[in-house]
Amino acid sequence: MDNKERVFNFSAGPSMLPLDVMEGIAGNLTNYAGSGQSVMEMSHRSKEYEAIIGDAESNLRELLGIPENYKVMFLQGGATLQFSMVALNLLRKSKKADYVVTGTWAEKAAQEAAKFGDVRIAATSEQGMFTYIPEVKREDFREDADYVHITLNNTIYGTHFPYVPDTGGIPLVCDMSSCILSEEIDVGKYGLIYAGAQKNVGPAGVTLAIMREDLLGFAPKSAPTYLDYKIHADNDSMYNTPPCFAIFVAGEVFKKIIKEGGVAALEKANKEKAGKLYGFIDGSELFRCPIAEKDRSLMNVVFLTGDESLDKKFIQGAKEEGLYNLAGHRSIGGMRASIYNAMPMAGVEKLIGFMKKFEEENGR
Ligand SMILES: *Cc1c(COP(=O)(O)O)cnc(C)c1O
């Protein structure tokens, strides 16, 4: 395959990045903006790098409308480390936390938190194989819970909360790893938002945390320094060496999004892409989507034929057409098309074209 010939990559993460962003970076990879060095080589304390991380933060603030009383942090360790960091920092009074379990990631977050305190599952859709989002009300949470945790978009099952739960003032903590910047959100409804970068933001290696200031400063004295949010907030994500290059790439993605109309424009495009794909699946005789219609993810579209060997044949055939990584998560099988911000409509259309052809050749 020629170097220039790129595939459409439907991977759940790491996933596609905007080609123009990568080409722009490649263009001055070894000499950034006349600095005589690559961003990879640059001191994180240099003037040049301070501008890079400062712009990344202010552009993210602009994109999400982050209020003044929230801190933005660029961390390491992925969403997985956030599962424990959240509990370590926020189990600050009753040591109770309530989790809504809507899939594997939510379950992992709850299990990790249970190492630190009293974790209760306020609601779960496990008995329905996580094909829908349960309705949770204020009464479902313990009044003295230190926080409530949700996973807004469930990457593996292809569901998304159609609403933000009312917690009646209990801080709401949200894993937005697979949907941040794909839709407009009201940051003020959350106490803490976290997201690994490798789905919608940039390369793996940086994790975003957006935290209301009054929740900072509750890590126990025994907590490892790195795991105290306050350390990162007080030091503008420069307590130690941050993941410099990953932050730089994320910053370039932020600039592109701003230039192209912000999160509202992306949300509109994402609705068009997902709408087209779900529309085709729902009208198909061969493929179906098992997810409740109102709870469907715009980012991760799960579908299947109901015949495992046919699913395998589909995934293989798609790959030969340059449509990569369409296998469902290893825990549930079937297919999953992850169509994050950087997946162009052309990729979705090519996928639908292949699905049509496959259905004609293999339909019942
Ligand atoms: C991918 C993902 C994770 C895990 O992220 P890591 O960066 O690998 O730790 C957690 N939560 C959600 C919702 C995800 O999509």
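First listed ligand is number 1; within each ligand, the first listed atom is number 1.
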Does any N or O in the side chain of N154 come within less than 3.5 Å of the main-chain N or O of Y157, such that one atom is a donor and the other an acceptor? no
If you take the centroid of each ring, where Trp contributes its six-membered ring, are F161 and Y163 closer together than 6.0 Å? yes
So which bit of T155 gets within less than 4.0 Å of ligand 1, heavy atoms only: side chain, backbone, both or neither? side chain
Let me confirm one number: the CZ-CG distance from F141 to D98, rounded to the nearest 0.5 Å. 7.0 Å
Closer than 4.0 Å to some heavy atom of S178 - which atoms of ligand 1 meet that? 15 (O)
Got an N/O contact under 3.5 Å between Q198 and ligand 1? yes
Spatial distance of atom CD1 (I281) from atom CD (E359) [nearest 0.5 Å]: 11.0 Å
Would G78 count as being in polar contact with ligand 1, using the rule that some N or O on each side must be under 3.5 angstrom apart? no
I'd like to know if R142 and D144 make a salt bridge, using a cut-off of under 4.0 Å between side-chain N and carboxylate O. no
Could you find the nearest protein heavy atom to atom 2 (C) of ligand 1 and give me its residue, atom name and distance? K199 NZ, 2.5 Å
For atom 9 (O) of ligand 1, what is the nearest protein heavy atom, given as residue, atom name and distance? T80 OG1, 2.5 Å
Below a 4.0 angstrom heavy-atom separation, can you tell me which part of T151, side chain or backbone, both or neither, approaches ligand 1? side chain
Residue and atom name of the nearest protein heavy atom (relative to atom 11 (N) of ligand 1), distance in Å to one decimal: D175 OD2, 2.6 Å
From CD (E62) to CD1 (I258), nearest 0.5 Å: 4.0 Å
For A79, take its heavy atoms, then give the atoms of ligand 1 lying under 4.0 Å from any of them. 3 (C), 4 (C), 5 (O), 6 (P), 7 (O), 9 (O), 10 (C)
If you compare all heavy atoms of L351 against all heavy atoms of L323, which two are closest, and at what distance to 0.1 Å? CA-CD1, 3.9 Å
